[in-house]
Amino acid sequence: MKNLITGILILFFFIGCADRSDKDWLSPGDMKEDIRYFFHMIRDIHPDPYQRYDSMTFVTLEKKMIESCSVPMAREDFGWRLMKVRKFLDGHVAVFGFFSDLGRYRFPAVEFRGDQMLLENDTLLAVRDFFASYTALDIDSMIPWDQPSRFRNENMNLLLNLLLSPANKSTMTYTGVVKTSNGSRDTTICVDTHRIINDSVYSKPYAAVFHPEDSIAVLYYNTCEIYGEDNVKQYRGFVDTFFSELKSKHIKYLFIDVTHNGGGSDGNNSVIIGHLKTDSYTSKVRMTGKRSGIEEYLESDLIKKVFGEDKAGKNYWMERFGNPIMEKGVAFMEESVPANKSGYEGKVFVIMGNNTYSAGAHFCLAIKQSYAAVLVGEEAGQYYPICGNVIRSALPNSKIQYQIPATETFYEPSALFKEGYMQPDIYYSIEEFLNVNNYKEIVKRYCKTVCYVR
C-alpha cells in the first residue's frame with residue numbers, strides 16, 4: 001500500500017509541471033486547509049469509506065498530499081491533485097468544477113493497458129511533449145477502484161482529453177511519437193471528429209426508433225436525471241405515447257437501451273416499468289449511513305430535485321430510511337411488489353453495458369427481480385452494494401466542487417450479482433451503435449436459448 005501511495009505522489013509532481021492557463025493561484029496554506037476539509041467530509045459523511053482500503057491508507061494519503069503542497073499552485077493543478085483521492089473510493093465520489101470540458105473524444109480513443117496507450121496498432125510513446133507512460137499512470141490514479149474494464153477505459157479517455165486539451169479549442173491536430181512494428185517515429189494525430197457525438201439518439205435524455213418492417217422498436221432511456229415537474233410530465237407523456245404506438249403498430253419486439261444511462265433518480269425507472277408485464281417479487285433492502293451524512297443529504301440540492309414538492313414521498317423516505325439511519329445507523333425494508341398483468345404484450349429486451357450505472361443499473365435490477373424483460377449485453381458498470389444519495393458542495397478556499405455519497409444500500413439475495421455486478425441473461429458485445437441487424441440477431445439468440453431450455 002505504501003508503494004501505491006508513493007507511486008501516486010510521484011505523479012503529483014509530474015502533473016504539476018503541466019502548462020496551465022489558469023491564473024487563480026492557491027497558497028500552500030489554502031490548499032492544505034482544503035485537503036484537511038475534504039478528508040474530514042469523506043470520513044464524516046461517506047457511509048463506507050474503507051470499503052476497499054483501510055483507514056491508515058487514508059491517513060497516509062492525506063499526510064502525503066498535504067506535504068506535497070509546499071509551493072503555490074494553480075487552481076486547476078490542485079484540482080487534478082485532488083482527483084487522486086478517487087482511486088481509493090467508489091465511483092460516486094467526485095471532484096469537479098476546476099476545468100472546462102471541451103467535449104467528448106476530441107483526441108482519438110486509445111486502449112489503456114497499464115502504463116501503455118495503444119492507438120490502433122501502434123503504441124503511443126509521447127503526445128504534446130508528455131510521456132505517454134506517465135500520462136497513462138497519471139490517469140489511472142484518478143479512476144475509482146470499482147469501475148469495470150470498458151467503463152474504466154471510457155472514463156480514462158475522457159480524462160485524457162481534458163489533460164491534453166489545447167488552449168486553442170479549434171486545434172485539430174496533436175504532435176506525438178508512436179512505436180510501430182518498424183520502430184519509433186514522429187507523427188501528427190488528428191482529432192477524431194467521428195467520435196464527437198453532436199446529435200444522436202444518445203445525446204438526448206430519451207428517444208425512440210421504430211423498425212415496423214421487422215416488428216422491432218427501440219426505446220433509448222439514456223438518463224434517469226429527469227427532474228422538475230414539467231420535465232417529468234414531458235417524459236411521462238413521451239413514454240405513454242411510445243407504448244400506445246407500440247400497440248397500434250403491433251410491434252412484437254421491444255428493445256430498451258440503457259447502455260448510456262449513467263443514473264439519476266430511481267423514481268423515473270417506474271415510468272417505463274409500469275408499462276411492462278411483471279411478476280410479483282419481494283424487495284429486500286438494507287441501507288446504512290451516518291447521522292451527519294443524512295443531515296447533509298436532507299439539505300442537498302439532490303433531495304430537492306428528487307422529491308420537489310412531493311412531501312409525501314420525502315416523508316416516506318424519511319420514515320423508511322432517513323430516521324432509522326440517524327437513530328441506529330441502519331434501515332431495513334422488505335416490501336412485496338405486486339405483479340402487473342396488463343403491460344405490453346410483446347417480448348422485451350433490455351440492452352445494458354459497462355456504462356449502465358447507478359440508477360441506470362437499478363433499472364436493470366428491477367427488471368431482473370420482476371422478470372419484466374431479458375437482459376442482454378455486458379455487465380453493468382455499477383458495483384453493489386451501492387453508495388448513493390450524494391451531497392455536493394465546494395471546498396472553502398479553492399471552491400473546487402466535490403461529491404460524496406451519504407448512504408450505502410445492500411440488495412438481497414446476493415445471487416442477483418456476480419462479484420458485485422449485474423450480469424446480462426444473454427451476453428452480447430456492445431458496439432458503439434447497435435442497428436436493426438443486431439436486434440434481429442439478439443432475437444434469434446433468445447429463441448435458440450428458449451428452445452434449448454425447453
Side-chain angles (χ1 to χ4, degrees), residues 40-49 51 89-94 223-233 235-236 262-274 280-338 357-363 365-366 369-370 382-394 401-413 416:
H40 165 73
M41 295 304 287
I42 290 172
R43 295 185 180 100
D44 196 46
I45 292 174
H46 199 293
D48 191 8
Q51 190 175 25
L89 292 160
D90 61 277
H92 278 86
V93 176
T223 182
C224 303
E225 288 194 63
I226 305 169
Y227 301 114
E229 184 177 350
D230 290 342
N231 290 332
V232 172
K233 183 178 180 180
Y235 164 58
R236 287 181 179 275
S265 172
D266 289 354
N268 291 318
N269 292 338
S270 61
V271 174
I272 295 174
I273 295 176
S280 61
Y281 68 97
T282 300
S283 175
K284 295 182 179 180
V285 175
R286 174 167 61 92
M287 185 180 291
T288 62
K290 300 170 182 174
R291 183 181 186 88
S292 54
I294 298 299
E295 289 174 343
E296 289 280 352
Y297 178 61
L298 292 177
E299 297 298 322
S300 70
D301 290 336
L302 178 60
I303 199 167
K304 295 173 185 176
K305 287 181 178 180
V306 171
F307 293 109
E309 300 300 320
D310 182 12
K311 293 182 179 179
K314 183 178 179 180
N315 290 338
Y316 175 82
W317 189 89
M318 284 300 299
E319 180 183 342
R320 285 283 188 156
F321 300 109
N323 290 331
I325 291 174
M326 286 199 290
E327 294 172 7
K328 302 176 182 179
V330 62
F332 298 91
M333 185 185 76
E334 183 170 332
E335 184 178 43
S336 296
V337 181
Y357 193 71
S358 193
H362 285 354
F363 178 81
L365 177 60
Q369 289 177 307
S370 63
Q382 178 61 59
Y383 178 82
Y384 288 86
I386 176 176
C387 295
N389 290 324
V390 300
I391 62 99
R392 290 182 176 181
S393 191
Q401 299 174 60
Y402 63 86
Q403 173 179 289
I404 301 174
T407 62
E408 184 175 25
T409 307
F410 301 76
Y411 292 88
E412 295 182 12
L416 290 166

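Everything numeric here is computed off the predicted structure, so don't read it as measured data.
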Got a second to check how far [X]'s [atom1] is from [Y]'s [atom2], nearest 0.5 Å?
X    : Y    : atom1 : atom2 : result
N268 : F363 : CG    : CZ    : 11.0 Å
M326 : L298 : CE    : CG    : 5.5 Å
Y297 : I325 : OH    : CD1   : 10.5 Å
Q382 : S358 : CD    : OG    : 5.5 Å
Y357 : T223 : OH    : OG1   : 13.5 Å
T288 : F332 : OG1   : CZ    : 9.5 Å

Query - salt bridge (charged side-chain N to carboxylate O under 4.0 Å, His left out) against E412, all qualifying residues, sequence neighbours excluded - result: none
Report task. Apply salt bridge (charged side-chain N to carboxylate O under 4.0 Å, His left out) to R286 and list each qualifying residue two or more places apart in sequence or on a separate chain. Result -> none
Report task. Could I get the full list of ring-ring contact (aromatic ring centres under 6.0 Å, His included) partners for H362, not counting sequence neighbours? Result -> Y384, Y411
Ignoring hydrogens, what is the shortest heavy-atom contact between [X] and [Y]? Give both atom names and the distance.
X    : Y    : result
S370 : Y281 : CB-CE2, 3.6 Å
A359 : N269 : O-ND2, 3.2 Å
P324 : M318 : CD-O, 3.6 Å

Considering residues, nucleotides and ligands other than [X], do more than 12 of their heavy atoms fall under 6.0 Å from its [atom1]?
X    : atom1 : result
R236 : CZ    : no
E335 : CD    : yes
E319 : CD    : no

Query raised in the report: Side chain of K290, backbone of A406: donor and acceptor closer than 3.5 Å?
Result: no
Report task. Give a yes or no answer on whether the side chain of N231 reaches the backbone of Y227 with a donor-acceptor pair at less than 3.5 Å. Result -> yes
Residue pair [X] / [Y], side-chain heavy-atom distance below 4.5 Å:
X    : Y    : value
P49  : L89  : yes
M41  : S393 : no
T409 : P385 : no
I42  : Y402 : no
N389 : I294 : no

Query - Output field: ring centroids H92/Y383 closer than 6.0 Å - result: no
Requested in this report: Kindly indicate, with the supporting measurements, whether the criterion side chain to side chain contact (heavy atoms under 4.5 Å, CB included) is fulfilled by L302 and R392.
Outcome: CA-CA 8 Å; L302 178 60; R392 290 182 176 181; over 6 Å; no
Report summary line: Paired with E296, the side chain to side chain contact (heavy atoms under 4.5 Å, CB included) test is passed by just one of I303, I404, I45, namely I45
Query raised in the report: When you look at K305 and S265, which way does the side chain to side chain contact (heavy atoms under 4.5 Å, CB included) test go after all the steps?
Result: CA-CA 9 Å; K305 287 181 178 180; S265 172; over 6 Å; no
